[in-house]
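Below you'll find the structure, written out as structure tokens, and then a few comments.
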Amino acid sequence: MSYIEELRWRGMLHDIMPGTDELLAKGKVSGYIGFDPTADSLHIGSLAQIMTLIHFQVAGHKPIALVGGATGIVGDPSGRSDERNMLSEDVLQHNLAGIRKQLEQFLNFDCGENSAEIVNNYDWFKQFSFLDFISDAGKYITVNYMLAKDSVKMRLESGMSFTEFCYQLIQGYDFYYLWKNKGVLLQMGGSDQWGNIVTGTELIRRKDGGEAFALTTQLIRKADGTKFGKSMGGNIWLDANKTSPYKFYQYWLNASDEDAKNFIKIFTLKTKEEIDTLIAEHEAEPHLRKLQKALADDITVRVHSKEDLQKAIDASNILFGQSTTEQLNALTEQDILDIFEGVPMFETSKEVIENSDIVSLLAEHTQIFPSKGEARKNIEANAVSINKEKVALATKIVSNQLLRGKFLIAQKGKKNYFLIKAV
RNA sequence: GGGCAAGUAGCCAAGUGGCCAACGGCAACAGACUGUAAAUCUGUCCUCUUCGGAGUUCGGUGGUUCGAAUCCACCCUUGCCCA
């Protein structure tokens, strides 16, 4: 199966420049995707782009990941309605290092001809003077052409700085540079990148009469229309310190049926046959959620590790299974610490736990709720549990409820856990 | 520099002297139902609260008024048009 066919059946392909298929059929091609260094970790949105590169490499081509040291300074206006904040030099360096490390985990950097490579566009932009840039790159692209881009048009009413306006030209020049110096013929990216990518192919054509190609992937959407990759107000990061493997696992496990069918094609390397089988099995017994489990297992192992996956599964079984107070009591201290690794933990004294009412315990003595009113509201809404049992406003905690003599498990809703430790 | 328009809660957006902590929608959080889904229904959604209330909001600063998101002045920001 060709690279294009692979992306197509997985539902990843969005748009492709004519001739790209033929180019790839001829032999090894170098292609790249740019990654945005706005944080020190990639999130699962960028994971889709990494998958695009992995398939590219599997198909025998040479994947290059460009980390945007220079473009990060400028800021991509695509899909944004407002001007973005500039990143300072050291934040940027820190972010680049984090991202580089993650990329290295997914691509093969030592397989001869088509080994992956990471480049940083700051390397060629740092000694590029403004005058050189506007005469060397700017001369070939008209303002009219740049203004016609959606990313610019959308901002014509609300305003856009010159800096962001130039973004497409800078990204375009990246493509030109890689084409010229590294023989890169293809740039890939999310569908929102089409305009930026095409500026690159245009620059290559006008400046050197060369030919280069573009390919974009589908924007990932959830069936309910909400943003992909966000949960509890935050991004799902690949970095275990930012999103614990447990939470990471849970995110995928919680995917809706419809989403899981799409996600498994995009985020795993399972074959069409394997996936078709899984989907069939899932449809026969949807309540078993085999599809979500297969999806969550596969991604968690590849992003984190087998051990992390096992821990996440164990924790999930205890937290979401039919576990009772007795079972919680059977856990050793180490079990508890393992399961709740990464959940917020609060320390307070035994006296406080025994002597305060439930509201002040949860709001004042621990910071599970930001205020008493908030704690009260949630308790009244029947949203709070201690050791898996719902509490009411009148509930009193007594010392024999402490697991192993020192822990209380507090829960807000089904999925938010907190550990209270008596010291 | 001149003219015109706009700025309201996380976002969109109504309100144009008292009935305004401010309609509605989205997002978010929780509950019910389920499969730790989705869809649906319900509740919460400026802050604090002893749940009776209290305090701080409508770009900013002053002013008019018993009373201002609403009127006035100046300023700031953004867009459009002209120079």
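Below, chain A is the first sequence line, B the second, and so on; all start at residue 1. Reckoned from all heavy atoms, side chains included, excluding hydrogens, waters and symmetry mates.
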Base partner of B:G1, which must satisfy Watson-Crick or wobble distances under 3.5 Å: B:C82
Phosphate OP1/OP2 of B:U49: any A:Arg376 side-chain N/O under 4.0 Å: no
A:Ser256 side-chain proximity, nearest of B:G35, B:U36, B:A38: B:A38
Proximity to the side chain of A:His287 - top-ranked nucleotide from B:G35, B:A30, B:U36: B:G35
Candidates B:U36, B:G31, B:U44 - which lies nearest the side chain of A:Asn254: B:U36
Sugar-phosphate, base or nothing in reach of A:Lys372, heavy atoms under 4.0 Å: sugar-phosphate
Phosphate OP1/OP2 of B:U49 contacted by A:Ser371 side-chain N/O (<4.0 Å): yes
Sugar-phosphate only, base, or nothing, as touched by A:Lys390 at under 4.0 Å among non-hydrogen atoms: sugar-phosphate
Base partner of B:C51, which must satisfy Watson-Crick or wobble distances under 3.5 Å: none
Assigned partner base of B:C11, Watson-Crick or wobble definition, under 3.5 Å: B:G25
Nearest to side-chain heavy atoms of A:Ala381, which nucleotide of B:G35, B:U36, B:A30: B:A30
Sugar-phosphate only, base, or nothing, as touched by A:Glu380 at under 4.0 Å among non-hydrogen atoms: nothing
Touch class at under 4.0 angstrom, heavy-atom based, for A:Glu374 against every strand present: nothing
Of A:Gln292 and A:Gly373, the one whose closest RNA chain B nucleotide lies more 5': A:Gln292
Exercise: do A:Ser256 and A:Lys222 side chains pair donor with acceptor under 3.5 Å: no
Rounded distance (nearest 0.5 Å) linking atom OG1 of A:Thr217 with atom CZ of A:Arg10: 13.5 Å
Below 4.0 Å: OP1/OP2 of B:A37 and any side-chain N or O of A:Lys415: yes
Conformer about C1'-N of B:G10 - syn within 90° of 0, anti elsewhere: anti
Side-chain H-bond candidate by donor/acceptor type, A:Ser191 with A:Gln218, under 3.5 Å: no
Pairwise C1' distance, B:C71 and B:U65 [rounded to whole Å]: 9 Å
Partner nucleotide of B:C58 by Watson-Crick or wobble geometry (both distances under 3.5 Å): none
Touch class at under 4.0 angstrom, heavy-atom based, for A:Ala255 against every strand present: sugar-phosphate
Lys NZ or Arg CZ of A:Arg205 over A:Tyr140 ring: under 6.0 Å, within 45°: no
Closest to the A:Lys414 side chain, choosing from B:U49, B:U36, B:U34: B:U34
Sugar-phosphate only, base, or nothing, as touched by A:Asn378 at under 4.0 Å among non-hydrogen atoms: nothing
Heavy-atom donor-acceptor pair, A:Lys247 side-chain to B:U36 base, under 3.5 Å: no
Watson-Crick or G-U wobble partner of B:U40, both distances under 3.5 Å: B:A32
Pair assignment for B:U77, Watson-Crick or G-U wobble, requiring both distances under 3.5 Å: B:A6
Minimum-distance nucleotide to A:Asn416 side chain [options: B:C45, B:C29, B:U36]: B:C29
